[in-house]
There are 2 protein chains.
Amino acid sequence: MPRSGAEARDRLERAALELYDERGYDQTTAADIAARAGVTARTFFRHFADKREVLFHVEAGLQEEMARALAAVPDDVPPLAAMLQAFRSMAPGMEANRRLAEARHRVIAATPALRERELAKAAAMAATVAAGLRARGLSEWHATLFAQVGTAALGHAVHAWTADPSADYDDLVVRTFAALRELADPEPDGRPASVAGPGQRRRSDHHEDHRRDHET
Amino acid sequence: MPRSGAEARDRLERAALELYDERGYDQTTAADIAARAGVTARTFFRHFADKREVLFHVEAGLQEEMARALAAVPDDVPPLAAMLQAFRSMAPGMEANRRLAEARHRVIAATPALRERELAKAAAMAATVAAGLRARGLSEWHATLFAQVGTAALGHAVHAWTADPSADYDDLVVRTFAALRELADPEPDGRPASVAGPGQRRRSDHHEDHRRDHET
């Protein structure tokens, strides 16, 4: 029997992830998770509101970390570079939670009902980033727009990271933001954008890596 | 009594919007809407699955319109400009539905439970745009990233448009995409970005309008 609260919580989380993978999310109950972890159902509910929260409980912590990370970027760093710097600074925490992130990715992919919770989480993170950008002097209009765009890019990077166990969070964030710059960088001669990338079907003259100097 | 199906549908929609504004969304039932429209509850359910769908039924049509609009953009237009062109081409349809869009905006702002539906709608639109970008030759990775970023920007513009009855959809889309370009355009001398805009608190040297040549 686990003694400390933190130990019980870790065991419950591990048990939940195992069961979601083995049986599927819908076929797993809080009681199942408690039994697998060797604790009572009451202990489960002391740590998590329901079986869904086992997957999402790190969210509040991540938002606080994001707010701190953005506040730590020097004032003279422009908005896109500031977001990139903040997102990169979260790499150690993200890599430490990779197992949970991967499991959440698998469970959400297999459980459409969880998708709404994931979208709400992304919206809350965008609001956190917008607040951080307003604190850097941006107008409400710009802060909201840039936060939505920046967190959409972050979400894309995190999705790719959780889908590939060999992928590196920091590398994906850097590559995603480099692609963002390519997207927005107008070609002065009006030729097709250089952003079509390696998977393109009709354009082959450029590659996403050809402007590494834009990365940061 | 309305004769045609289309007439009944329009009356139901108008009645629903009136009631949502008068009583609030939660306090309105499908039967209330039918009564106000002068039709039976059965007629209501022939047109809408539930009272929520009165607000969201245009969604499927909008996605088809978006797919067509993107497909109509010439192949040699780069991704960001292609999205801007497609989004701008939807202006007549958007302006024609302004009353519904404004009502939805008010109801969603007052009804947190509808926010999830709105987020799911945005995710579905991003998937439609991603499919359109893949059809233009972009890789899956680029198409998904650019679609998420582009629809985040579009959502920002639509939100501002529905919140201000005097605002012009096309103007807001153009300004939003201009701001996107400013966000990504690195300042060669490393000075603060020019994007902080009119609402900024600490920076006043630039304005979002100072690079109009980037707009399209």
Side-chain angles (χ1 to χ4, degrees), chain A residues 75-82 115-117 119-120 122-123 126 134-146 148-153 155-157 159-160 175-177 179-187 190-203 208 213-214 216, chain B residues 75-82 115-117 119-120 122-123 126 134-146 148-153 155-157 159-160 175-177 179-187 190-203 208 213-214 216:
Chain A
D75 272 358
D76 61 349
V77 178
L80 189 73
R115 176 88 182 125
E116 282 179 356
R117 183 73 175 77
L119 292 172
R134 278 197 305 274
R136 299 177 67 77
L138 265 69
S139 70
E140 171 72 27
W141 189 84
H142 283 96
T144 308
L145 171 63
F146 294 170
Q148 283 170 352
V149 165
T151 52
H156 186 263
H159 186 87
R175 283 176 49 208
T176 302
F177 272 67
L180 258 194
R181 290 219 156 107
E182 297 253 342
L183 171 67
D185 197 12
E187 295 287 317
R191 285 187 310 115
S194 57
V195 290
Q200 69 190 53
R201 292 206 306 269
R202 294 196 295 261
R203 293 157 194 151
E208 58 163 317
D213 57 313
H214 279 198
T216 295
Chain B
D75 273 358
D76 61 349
V77 177
L80 189 73
R115 176 87 182 128
E116 282 180 356
R117 183 74 175 77
L119 292 172
R134 279 196 305 273
R136 299 177 67 79
L138 265 69
S139 70
E140 172 72 27
W141 189 85
H142 282 95
T144 309
L145 171 63
F146 294 170
Q148 285 171 351
V149 165
T151 53
H156 186 262
H159 185 88
R175 283 176 51 207
T176 302
F177 273 67
L180 258 193
R181 289 218 157 108
E182 297 253 342
L183 171 67
D185 197 11
E187 296 287 317
R191 286 186 309 117
S194 57
V195 290
Q200 67 191 52
R201 293 206 304 269
R202 294 198 295 259
R203 293 157 193 153
E208 60 163 315
D213 57 313
H214 279 197
T216 303

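Residue numbering restarts at 1 for every chain, and letters A, B, ... go by the order of the sequence lines.
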A.B. asks: Which pair of heavy atoms, one from B:L180 and one from A:A184, lies closest together, and at what distance?
C.D. replies: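 Answer, listing the atom of B:L180 first, then A:A184: O-CB, 4.0 Å.
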A.B. asks: Which residues pass the side chain to side chain contact (heavy atoms under 4.5 Å, CB included) test with A:A157, not counting sequence neighbours?
C.D. replies: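 A:A157 satisfies side chain to side chain contact (heavy atoms under 4.5 Å, CB included) with A:L172, A:V173, A:T176 once adjacent residues are dropped.
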A.B. asks: Return the CZ to CD distance between A:F146 and B:E182, rounded to the nearest 0.5 Å.
C.D. replies: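 With rounding to 0.5 Å, CZ (A:F146) is 7.5 Å from CD (B:E182).
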A.B. asks: Check side chain to side chain contact (heavy atoms under 4.5 Å, CB included) between A:A126 and all other residues, then give those that pass, not counting sequence neighbours.
C.D. replies: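 For A:A126 the side chain to side chain contact (heavy atoms under 4.5 Å, CB included) partners, ignoring immediate neighbours, are A:Q148, A:T151.
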A.B. asks: Check each atom of A:A153 against the heavy atoms of chain B and say whether the ones under 4.5 Å are side chain, backbone, both or neither.
C.D. replies: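 Both parts, heavy atoms under 4.5 Å.
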A.B. asks: Atom CG in A:L145, atom NE2 in B:H159: separation rounded to 0.5 Å?
C.D. replies: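 Here the interatomic distance stands at 12.5 Å.
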A.B. asks: Does any N or O in the side chain of A:H156 come within less than 3.5 Å of the main-chain N or O of B:H142, such that one atom is a donor and the other an acceptor?
C.D. replies: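 It does not hold such a pair.
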A.B. asks: Is B:R117 in contact with chain A via its backbone, its side chain, both, or neither, using a 4.5 Å heavy-atom distance?
C.D. replies: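 Nothing of B:R117, per the 4.5 Å heavy-atom cut-off to chain A.
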A.B. asks: Of the non-hydrogen atoms in A:P79 and B:L183, which two are nearest, and what is the gap between them?
C.D. replies: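 Minimum heavy-atom contact is CB-CD1, 3.8 Å.
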